[in-house]
Amino acid sequence: MRILVLNGPNLNLLGVREPAVYGDRSFAALEEMIRKTAEEIGVEVELFQSNHEGALVDKIQQALHTADGILINPAAYTHTSVAILDALKAVALPTVEVHLSDISKREAFRQFSYVSLYAQKVIYGKGFEGYREGLQWLSETIGKETQKHAD
Ligand code: CA2
């Protein structure tokens with residue numbers, strides 16, 4: 001089972017700025033935690049971060065041939081990107097949307113998510129732990145689907 005983990009714009013700055021909102025751990029530490037969790041759960045992960053909307057759209061399209069599920073923190077594109085929503089709908093893979101912060105308690109413009117119109121599960125406000133929960137959920141959900149088709 002292979003999961004594509006996507007991180008959107010500015011998440012590469014984790015730990016460098018705004019520790020009160022996003023914590024003081026670095027983006028490298030987040031990626032390390034994701035790889036370690038994937039190994040524990042027994043899934044393969046491909047990690048991709050970009051500050052560019054089109055690059056994220058391209059990666060989502062490629063997932064059609066390379067992944068069984070998607071874990072995505074679209075960052076600011078969460079609240080603006082119909083293109084990312086359309087790409088996710090087009091590839092139609094099981095998808096979890098994750099946010100480090102509790103977007104439901106922040107500015108009004110962060111409380112609407114285009115990606116949530118497709119994602120089967122949305123996790124927010126749990127920091128790095130949200131990525132772990134998302135990977136776990138995807139592995140269980142995809143596992144059940146695979147089993148159903150085998151029966
Ligand atoms: O809480 C989240 O994970 C967000 O997706 C993070 C995005 C924000 O636009 C969303 O509303 C919620 C921002 C990511 C930027 O990350 C930074 C990290 C360190 C310093 C500055 C920005």
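Counting starts at 1 for both ligands and their atoms, in listed order. For reference, positions follow the sequence shown, starting with 1. Atom set for the values below is all heavy atoms of this structure, side chains included, hydrogens, waters and symmetry mates excluded.
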Every residue of the protein that comes under 4.0 Å of ligand 1, judged on heavy atoms: P9, N10, L11, L13, L14, R17, E18, Y22, N73, A75, A76, H79, H99, L100, S101, I103, R110

Side chain to side chain contact (heavy atoms under 4.5 Å, CB included) partners of Q49, counting only residues at least two apart: N7, N12, F27, N51

Return yes if a side-chain donor-acceptor contact under 3.5 Å exists between D86 and Y118, otherwise no. no

Does NZ or CZ of K59 fall inside the cone over F48's six-membered ring, less than 6.0 Å from its centre and within 45° of the axis? yes

same_hphob_cluster(L47, I142) at 4.5 Å side-chain heavy-atom cutoff: yes

Does any donor atom in the side chain of E97 or S113 lie under 3.5 Å from an acceptor atom in the other side chain? yes

Could you tell me whether a side-chain N or O of T78 sits under 3.5 Å from a main-chain N or O of A75, the two making a donor and an acceptor? yes

